[in-house]
Amino acid sequence: MSEAKLPADQKDPAADPLHSDRDHPVENKAAKGMTRRGFLKGAGVTAAGTALLEGAQVFSREALAATRGEVSGVKEYGPGPVQVSLQVNGKEQNVLIEPRSTLADALRLDLGLTGTKVVCDRGACSACTVLLDNVPINSCMTLAMDAVGHRVTTIEGLAKDGEMHPVQAAFVKHDALQCGFCTPGMVMTCSALLEKNPKPTEEDVRTAIAGNLCRCGTYPKIFAATLEVAGVSSPEVTPKA
Amino acid sequence: MATTKVPISTDVVSDVVAEAIPAGMEMVMMPVGIPGYTLRQEQRTIPATEPPVLPINADLKFIGRSPERWDGHAKVSGQARYTADVQLPGMLYAKFANSNVPHAKVVAVDTSAAEKVPGVKGVFVIENLLGSAKLLNPALDVSKYPIIRYAGQPIAAVAATSPQIAEDAARRIKIQYEARPFVVAMEQARQADAPMVFPGPANEEGTAGGGGGAADVPQTGNIHGPSVNTHGDVEQGFKEADVVVESHYTTQVQVHNALESHGVVADWKPGLLTVWASTQGTASVREGLAGFFRLPKSQVRVITEFMGGGFGAKFGPGNPGVVAAALSKQTGLPVRLMLDRKEEQLSVGNRPSSDQTLKIGARKDGTLTAVQLVSYGTAGCGTGAGCAGPATNMYQYDSLRTEENDVFTNAGPGTAFRAPGHPQGAFALEQTIDELAERLKMDPLDLRDKIDRNSARRVERQVIRESAIWKTRNAKPNVDSGHIKRGVGVAQGVWYRNISMDSAAEVRVHQDGSVEVLSAVQDIGGGIKTVMAQILSEQFGVPPQQVSVKIGDTNYPVGPNSGGSVTTASLTPAVRDAAWQAAQKFLAGVAPALGATPEDLVLVDGEVRSRSGKMAPITFRRAAAKMNTSEVSAQARRIPDYDRKAYETYGGVDVAEIEVDVEVGLIRVKRILAAHDCGRPMNPQQTKSQINGGVIQGMSYALYEDRLLDPNYGLMVNPNLDRYQIAGSREIPQIEVHLVQSYIGQSSTDASGIGEPGGIIATPAAIANAFYNATGVRMRSLPMTPAAVLTALAHSQQKKETA
């Protein structure tokens, strides 16, 4: 976290949501109140819901501040768009996003990187898997602002110099795809597995993609493709232990 | 190509003399049967314009081989652009406001607050709902807005400059309901005093994928039916039976859950409505939109370059299609409307449940004297829960009576789902056949040999009989003494040779030697693009990856709607015919420059050759440079099957090896061997991919999937992928697929489809039979969850103790 880059236009450390625990000047409380109301209004909850949520938020903020021995000091964003810089596939890109934007939405809608798919939008299917500093994450469950300062790799960034990543090539060879909608997420997860564990067992592959759902039933060929890249011989997918 | 047409002179084949060959037709010999078993040559009378007869796969270079998926690279690299990925300048994002009650009359819809949200550009209130059954007499339930008959029914929609704004605004639409009593459980809906889902007779239209129930049937309360089918006299049949088995089975509602949700991007411009749609039928979407908005079809263009799965649920524009188009018309801007996962589970279809009482009588030799099925099933506020297909079409019998009933409930309408009715029907039928085999002291495969005349399935049973899995099967059930009990079971599936005559393709040959094929057909994941490329490769000798395949656009010649496993069977002959005709035009075009006559030239293995040997062979590419025009093209459409004397059924036989932990009720599927036929397999690797998919979806249906509705509130309690369980990587068994080539001599490619016959029908029943083999207890209800397994085991134990 300490290496994280700040949004290009906001040099104040407090401006970075990832660094809210740093020392920084106390914000103007009135402005903060406005911001919070604005945020809640933007979220479109009903009047009753607003009161409830606002109470909850105040409570949690105060509780948080108390545990830290601070009075306040969290800079808030929104509901209006904020300019941030995301490092995607090796390139720094400035995007103007609503603070509530997920990383998946920022990639797909703002950067046009539509290879990342959104299926369940709540972290149950992993179709939206991207790498954050080489770790596979669900981009639908990650705020874009939380990716600031981290290296984001999407399916579009996996090929090097026009050459498919070995996992991509093996997926094609083994026909480890049908409709193709889970495929980018599967490829990201399997490539991340091999980075971490170059000689996985089939059980390792099953575990790695346990969160990735496929409805066409490509699993057996995904196991075979990934194991082939690892040079692990598995002519037939073996039954689980 | 190695084989050419073999004309049969009438003076040689005596029995042909009687039937004169009609003008424009000719007699050919075609491979028919199963290589290694029954392969032979049969004669067919076919149009003289048809291309030469294709030999069996072993004698071909591209067809019947497994070149890599044509668009595989696009799909693994994230370049494939699906409907949800389409972004147009100024595009708006639309979001539905849905009912949160299961049954109500909508009194008022107030959109004023939504309209005031900054960024909202359009609001639309639905007055004509699609998908649900409709009252035959609308006067029985007069309402300005459609009656709410299920929770999640779309009511209105907003279009805004961002998805978030659209979602915010949709929540501000105020809907005033007049609540009505509701019923979501089928058993309750069947009661005489149950709340009525419809106040009178109602019908649901089927789609290009099937679904929709019988229309001309009685309706009493919520019961729409029976739809009756009889053959012979079942009463007499049961009298003649030596053994009668009667049992009751139930199956749950399954939700399609294709990973890409339903949705469109609609761009209404004067004179042209362009719609990108996640659909199984570009033709069906165009037809639906043209009909709904009274536009000429020529002014509606539908594009589906890639789509993320459908499994039967994606035909026609549906509510998302018409609402997005209406909002685009209203705002003058393109509108994207993709359903979220919850909407996907509630409002766009499901596999209906079933409640079946199946009674079969047999003689001592195994022959069936009578088959009787009474079924009920709910497709929510739709129809189409019939499941008599397998009982009617798989085996030989003396007599049959089936009664299928739909039961209306306050739930989302069912629709076609991969082999509609067949997994349910096979679950009951195949367990009953196994019970009969046990009563008759026959081997389950031997009994099926006795009553199933289909020659491909006979071979498939032989494959199973000789398999390692089957050889480990204990004929006696429940022999393992520990808490893990192993079992092996077999079951069969049946499907039908459906053909869509709306299948056409154009093939173009260019002067630079490039070739392309165009059709409006869509690739729903089966891989039709690859197969189309292979057909051109076979004709022109160009590698498949160098063939341009342009599909999924109604600007191209009409393509079949991909439902009923029709795509490959319907389209490939049109592609081959177009390729053949384009090749003939090409030869005519280059003949003068080559100093030859067109009749003397043939295009074989990527070379233009002279039949007479007057000219040295020249590569297709070099010859193309000598074309007298920059392009030649030919368009062909599907012609009827060559010689269809009988309605062809086909299918497969699956064997499952499972382990049941009788202490915790957990079933683990260890191995599945699936032996299937689909005419000529055009690309065996892709075919096997689809069968893997059917097997896995079938296993998932058998063990995990269940749409749960809360009877107190009428809401789905698991409308997402975290609670609606689907088989994942840890559950996948070892799957072996055995493809049986079964030539039937019906078209220029002789291909059939595999989407439905492969796995989804037979696998659940095979697992059920394996469960019996493991435990000696029948699972008569799906899904076979640990709780259901423990209940069944305990119930059986109780019965034993009482006895």
Side-chain angles (χ1 to χ4, degrees), chain A residues 42-46 98 100-101 105 108-109 112-125 127 154-156 158-159 164 168-169 171-173 175 177-184 187 205-207 209-223 236-240, chain B residues 66 68-69 71-82 84-85 87 117 162-164 167-169 171-172 256-261 306-309 311 340-341 524-527 668 670-671 685-686 688-690 692-697 720-722 726 728-730 732-736:
Chain A
V45 288
T46 62
E98 287 187 35
R100 60 178 163 170
S101 276
D105 274 355
R108 289 177 48 80
L109 302 177
L113 295 170
T114 55
T116 300
K117 303 301 181 205
V118 174
V119 170
C120 72
D121 209 15
R122 62 191 283 173
C125 74
T154 72
I155 187 72
E156 291 90 346
L158 212 54
M164 278 195 284
Q168 290 174 314
F171 265 55
V172 176
K173 180 183 164 191
D175 203 36
L177 58 139
Q178 289 180 53
C179 83
F181 217 70
C182 74
T183 309
V187 168
V205 180
R206 286 177 183 266
T207 304
I209 62 168
N212 290 72
L213 284 179
C214 166
R215 193 53 160 161
C216 298
T218 57
Y219 297 105
K221 292 178 170 188
I222 292 173
F223 305 154
E236 282 294 331
V237 173
T238 51
K240 61 206 159 162
Chain B
S66 297
E68 66 187 35
R69 195 170 283 257
D71 54 6
H73 183 271
K75 287 179 175 176
V76 298
S77 64
Q79 303 304 317
R81 196 170 70 147
Y82 296 75
D85 304 331
Q87 269 177 326
V117 176
S162 83
Q164 290 90 352
E167 197 175 328
D168 294 349
R171 286 186 195 160
R172 286 164 197 255
H256 299 69
N257 269 314
L259 290 199
E260 185 184 32
S261 62
F306 291 92
M307 69 87 77
F311 309 110
D340 65 29
R341 186 53 43 184
I524 63 173
R668 282 161 38 146
K670 306 290 282 183
R671 286 191 286 179
Q685 173 157 273
Q686 290 186 167
K688 289 180 179 181
S689 288
Q690 280 202 71
N692 278 348
V695 165
I696 290 170
Q697 217 169 60
N720 204 289
L721 292 171
D722 45 354
I726 289 172
S729 61
R730 288 173 172 283
I732 306 306
Q734 179 185 339
I735 301 170
E736 188 187 333

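Atom set for the values below is all heavy atoms of this structure, side chains included, hydrogens, waters and symmetry mates excluded. Chain letters run A, B, ... following the sequence lines, proteins first, then strands; residues in each count from 1.
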remark   = Interatomic distance, CD@Gln178(A) vs CG@Leu259(B), rounded to 0.5 Å, equals 11.5 Å

query = What is the minimum heavy-atom distance between His73(B) and Val172(A), and which atoms define it?
reply = N-CG2, 4.0 Å

Asp85(B) side, atom CG; Lys117(A) side, atom NZ - distance, nearest 0.5 Å = 3.0 Å

key: Interface moiety of Leu109(A) toward chain B, non-hydrogen atoms closer than 4.5 Å   = both

ask   = Where do Val76(B) and Met164(A) come nearest, in terms of heavy atoms and distance?
value = CG2-SD, 3.7 Å

request  = Examine whether an atom of Thr116(A) lies under 4.5 Å from a heavy atom of chain B, and if so say whether it belongs to the side chain, the backbone or both; otherwise answer neither.
outcome  = neither

key: Ser162(B), part contacting chain A, at a heavy-atom distance under 4.5 Å   = side chain

inquiry  = Please classify the contact of Ala80(B) with chain A as side chain, backbone, both or neither, using a heavy-atom distance under 4.5 Å.
reply    = backbone

key: Contact leader toward chain B among Gly115(A), Ala124(A), Ser101(A), where contacts are heavy-atom pairs under 4.5 Å   = Ala124(A)

key: Residue Leu177(A) versus chain B: region with a heavy atom under 4.5 Å   = both

message = Please check this pair: side chain of Arg81(B) against backbone of Thr114(A), looking for a donor-acceptor N/O pair closer than 3.5 Å.
response = no

query = When rounded to the nearest 0.5 angstrom, what distance separates CZ in Phe181(A) from CE in Met307(B)?
reply = 10.0 Å

request  = For the pair Leu721(B) and Val119(A), evaluate side-chain contact (heavy atoms from CB on, under 4.5 Å) and give the outcome as yes or no after the intermediate values.
outcome  = CA-CA 9 Å; Leu721(B) 292 171; Val119(A) 170; 3.9 Å; yes

request  = Under 4.5 Å, counting heavy-atom pairs only, tell me which of Ser77(B), Gly527(B), Gly72(B), Pro163(B) racks up the most with chain A.
outcome  = Ser77(B)

ask   = Between the main-chain N or O of His256(B) and the side-chain N or O of Arg215(A), is there a donor-acceptor pair closer than 3.5 Å?
value = yes

note = Most heavy-atom pairs under 4.5 Å with chain B, out of Cys120(A), Cys214(A), Gly211(A), belong to Cys120(A)

task = Examine whether an atom of Gln685(B) lies under 4.5 Å from a heavy atom of chain A, and if so say whether it belongs to the side chain, the backbone or both; otherwise answer neither.
result = both

query = What part of Ser261(B) is in contact with chain A, defined as an atom under 4.5 angstrom from a non-hydrogen atom: side chain, backbone, both or neither?
reply = neither

query = Taking atom CD of Gln164(B) and atom CZ of Arg100(A), what is their separation to the nearest 0.5 Å?
reply = 5.0 Å

message = Is Gln686(B) close to chain A through its backbone or its side chain, or both, or neither, when contacts mean heavy atoms under 4.5 Å?
response = both

ask   = Looking only at heavy atoms, which two atoms of Gly78(B) and Ile155(A) are closest? And how far apart?
value = CA-CG2, 3.7 Å

key: Contact summary for Cys179(A) and Gly309(B), nearest pair of heavy atoms   = CB-N, 3.5 Å

inquiry  = Nearest 0.5 angstrom please: Cys216(A) SG to Asn692(B) CG, how far?
reply    = 11.5 Å

query = Of the non-hydrogen atoms in Gly728(B) and Leu213(A), which two are nearest, and what is the gap between them?
reply = CA-CD2, 4.5 Å

Most contacts with chain A, counted as non-hydrogen pairs under 4.5 angstrom, among Glu167(B), Glu260(B), Gln79(B) = Glu260(B)

key: Gap between atom CG of Asp175(A) and atom NZ of Lys688(B) - 0.5 Å precision   = 11.5 Å

message = Given heavy-atom pairs under 4.5 angstrom as the criterion, report whether the side chain, backbone, both or neither of Ile726(B) touches chain A.
response = both

Heavy-atom proximity to chain A below 4.5 Å, by part of Phe306(B) = neither

query = Which answer fits Asn212(A), side chain, backbone, both or neither, if we ask what part of it has an atom under 4.5 Å from a heavy atom of chain B?
reply = neither

query = Which pair of heavy atoms, one from Arg730(B) and one from Ala210(A), lies closest together, and at what distance?
reply = NE-CB, 3.7 Å

